[in-house]
Amino acid sequence: MRTRYAPSPTGFPHIGNYRTALFEWLAARHSSGQFVLRVEDTDRKRLVPGSMEAIMEGLRWLGLAWDEGPDVGGPYGPYLQSERLALYKEHADKLIAQGDAYRCYCTEERLAALRAEQEAHKQPTGYDRLCRGLTPNERAEREAAGLSSVVRFAAPLEGATTYHDFLRGDITFDNRTIDDMILLKSDGFPTYNFANIVDDHLMDITHVIRGEEYISSAPRYAQVYRAFGWEEPVVVHVPLVLAPDRSKLSKRHGALPLLEYRELGYLPEAIANFLLLLGWAYDDKTEFFTLDEMIAVFDDRRIGTAPGIFDRARLDWFNAHYIRRLSPDELVDRAWPFLLRGLPEDARANLDRDYAKRVLMLDQERIKTLADAPALAEFFFVDQPEYDASLLLGKGMDAARTAEALAALIPTLADLPTWEPEALLAALDAFVVARGFIRTKADGSEVPDRGPVFMLVRVAVSGRKETPGLPEMLAVLGKERTLKRLEAARHKRAASQVGTEVER
RNA sequence: GGCGCAUUCGUCUAGCGGCCCAGGACGCCGCCCUCUCAAGGCGGAGAUCACGGGUUCGAAUCCCGUAUGCGCUACCA
């Protein structure tokens, strides 16, 4: 099996395009075939500089390696359509010679007027085949006059064309609804439609997997294949990916170019997994697949036929899942650029990789995207966290008691012989009991109530009310830093006049 | 306007004639665990299988029609 991804470098493809690429890649890998990257740069007006590199970068990032392509070459090259112009001309000439194509001299103005006319009369739009009936003399005149022309396919006028859609079965179009499509533009470049057919054949592509938007064009392609006498490839139309409001995916709806998701802290394995399961399912329960697992189980017959909606919340869930199962080293490696970018300057200056690793491990289970990491972990890295003094009130304690509790706790912790989570927990618990914090459980029994003291220390040390577990956090923070922050909190509390009770 | 494709909980889906008065997952809600937030565990709400006709002893599953959505209708891809 040979499949191909054939993007045109006219922009930065979104997630839906890459899902098609994923399916193409999986189909090839599953069958131990080849996956070809062919760049369809035939529209010179819409060419976007850099987009070809971005497209390839996106594929690489997802882990979809191609066997043949513009950069790596291959036996069917070149893989840039702009370098294959002679091939298209040669094949167009062949069709002209055998009467299946003709030169059309109609101007774009005439075509536009024709279309406007048809629309005004609510008629089906389409080329009226004016030039198809030109006599040899008339053609010679036009050529002599130097009129520019395009090459059009002479489509069958009557009957119907049926092609086999791998997922949907036979699809039939009345030939009267199909006009004579342009094969070669006046600038000598082929249209996508034509270059596609010629290249898929010349490159021995066995399975054409493409977006659903080409269903309507498929019968035209079939006609051309048949005019050439070529065997038609298996044609698989993958359903579209829609925005949450069911409209076509666009930036407005948060469907960004793939590489933007990298910047937002998404993992390629999460994106690939998410994409796989948008329009495809292995069974009714399996959710997670590595690329290798996908290859092993991928079955193109299970590709769905209904459009799917891009659900960011689901992507987030996949991403969080994959972040959670990263090893500590992978976690720092991947989060590192985000820390460098997102942390305040002073914290960034002397970032220690080992310390960062321990911090990230604490936050691993609450990081949704890598871009969350700096905000979640910032307090570990700054000299002193900023926070409002009003946060610094033990539950059910007034300012005086809070300050006093902090004052009492500092020497307790300072005297600890070891600074490990177990020892810290024991010390904190002892402090809770000594201070008489008691909670009555539902069954009436009384147990030590860690809440007030733990929260107080949590805020003092982090400036936040949501953090990793306290003993673990203090252990990573280190004795010196912890005591310094507790001291600062004590002063902060003492200095603050507002000391009313806070309800939590 | 014409042509085409699609249609199962808000979303992704399982289902390919009886196992389904429809199962799983995301999201949402509640409970548990618990030093907070997460994670995890348990539970819940949520789909007259778009609608209407058939076929059949029996239909989410097959057929026809309708509606709706989307796509194509470019010297774009």
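Reckoned from all heavy atoms, side chains included, excluding hydrogens, waters and symmetry mates. Letters A, B, ... are given to chains in the order of the sequence lines, protein chains preceding strands, and every chain is numbered from 1.
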Item to check | Closest to side chain of Thr177(A), choosing from U13(B), C3(B), U36(B) | outcome: C3(B)
Checklist entry - Quick one: which of U34(B), A14(B), C70(B) gets closest to the side chain of Arg450(A)? => result U34(B)
For [N], the Watson-Crick or wobble partner whose two distances fall under 3.5 Å:
N      : value
U48(B) : none
A74(B) : none
C62(B) : G54(B)
C42(B) : G30(B)
A6(B)  : U68(B)

Test ring-ring contact (aromatic ring centres under 6.0 Å, His included) applied to [X] - qualifying residues, sequence neighbours left out:
X         : value
Tyr18(A)  : none
Tyr221(A) : none
Phe454(A) : none

Are there any protein N/O atoms within less than 3.5 Å of an N/O atom in nucleotides 44-48 of chain B, and if so, which ones and at what distance?
none

Taking only nitrogen or oxygen atoms into account, show me every contact under 3.5 Å that the protein makes with nucleotides 4-6 of chain B, one pair per line with its distance.
from  : atom 1 : to        : atom 2 : distance (Å)
C5(B) : O2'    : Arg168(A) : NH1    : 2.9
C5(B) : O2'    : Glu212(A) : OE2    : 3.2

Distance check, [atom1] atoms only: [N] and [M], in whole angstrom units.
N      : M      : atom1 : value
G44(B) : C26(B) : P     : 15 Å
U73(B) : U56(B) : P     : 44 Å
G43(B) : G23(B) : P     : 14 Å
C21(B) : U8(B)  : C1'   : 15 Å
A59(B) : G52(B) : P     : 14 Å
C3(B)  : A74(B) : P     : 16 Å
A77(B) : A60(B) : P     : 46 Å
A67(B) : G24(B) : P     : 36 Å

Checklist entry - Which of parallel (below 30°), tilted (30 to 60°) and perpendicular (above 60°) describes Phe298(A) and Phe23(A)? => result tilted
Checklist entry - Distance check: side-chain N/O of Arg246(A) vs OP1/OP2 of G10(B), anything under 4.0 Å? => result no
Check: [X]/[Y] side-chain N/O donor and acceptor closer than 3.5 Å:
X         : Y         : answer
Arg4(A)   : Asn196(A) : yes
Tyr102(A) : Asp180(A) : yes
Thr125(A) : Arg115(A) : no
Thr177(A) : Asp174(A) : no
Thr161(A) : Asn175(A) : yes
Asp41(A)  : Ser82(A)  : yes

Strictly under 3.5 Å: I want the nitrogen or oxygen pairs between protein and nucleotides 74-77 of chain B, one per line.
from   : atom 1 : to        : atom 2 : distance (Å)
C75(B) : O2     : Ser186(A) : N      : 2.8
C75(B) : O2     : Ser186(A) : OG     : 2.8
C75(B) : N3     : Ser186(A) : OG     : 3.1
C75(B) : N4     : Cys106(A) : O      : 3.4
C76(B) : OP1    : Lys45(A)  : NZ     : 3.3
C76(B) : OP2    : Lys185(A) : NZ     : 3.0
C76(B) : O3'    : Asp43(A)  : OD2    : 3.3
C76(B) : O2'    : Asp43(A)  : OD2    : 2.8
C76(B) : O2'    : Arg46(A)  : NE     : 3.0
C76(B) : O2'    : Arg46(A)  : NH2    : 2.4
A77(B) : OP1    : Thr42(A)  : OG1    : 2.8
A77(B) : OP1    : Lys185(A) : NZ     : 3.1
A77(B) : OP2    : Tyr192(A) : N      : 3.0
A77(B) : N3     : Tyr214(A) : OH     : 3.0

Please report the distance, rounded to the nearest Å, between [atom1] in [X] and [atom2] in [N].
X         : N      : atom1 : atom2 : value
Leu242(A) : C12(B) : CG    : C1'   : 13 Å
Phe310(A) : U11(B) : CZ    : C1'   : 12 Å
Asp429(A) : U34(B) : CG    : C1'   : 13 Å
Ile271(A) : C12(B) : CD1   : P     : 18 Å
Leu391(A) : C35(B) : CG    : C1'   : 16 Å
Arg325(A) : G40(B) : CZ    : P     : 14 Å
Glu472(A) : U34(B) : CD    : P     : 14 Å

Using the test salt bridge (Lys or Arg N to Asp or Glu O under 4.0 Å), find all partners of [X] that sit at least two apart in sequence or belong to another chain.
X         : result
Lys89(A)  : Asp93(A)
Arg38(A)  : Glu40(A), Asp199(A), Asp200(A)
Arg324(A) : none

Under 4.0 Å, counting only non-hydrogen atoms across every strand here, what does [X] touch: a base, just sugar-phosphate, or nothing?
X         : value
Pro468(A) : base
Ile309(A) : sugar-phosphate
Gly279(A) : sugar-phosphate
Pro471(A) : base

Next on the checklist: I need a per-nucleotide contact map over nucleotides 18-31 of chain B, read 5' to 3'. Cutoff is protein heavy atoms under 4.0 Å; write B for the base, S for backbone only, - otherwise.
Outcome noted: -----BSBS-----
Checklist entry - side chain to side chain donor-acceptor pair (under 3.5 Å) between His237(A) and Arg210(A): does it pass, once the steps are laid out? => result CA-CA 5 Å; His237(A) 285 116; Arg210(A) 56 159 99 98; 2.9 Å; yes
Checklist entry - Counting only N and O atoms by type, is there a donor-acceptor contact under 3.5 Å from the side chain of His121(A) to the main-chain atoms of Gln123(A)? => result no
Next on the checklist: With the threshold set at under 4.0 Å for non-hydrogen atoms, list the residues of residues 157-166 of chain A touching RNA chain B in residue-number order.
Outcome noted: none
Checklist entry - So Asp363(A) and Arg358(A), salt bridge (charged side-chain N to carboxylate O under 4.0 Å, His left out) or not? Walk me through it. => result CA-CA 9 Å; Asp363(A) 270 320; Arg358(A) 299 211 295 150; over 6 Å; no
Under 3.5 Å, N/O pairs linking protein and nucleotides 61-63 of chain B:
none

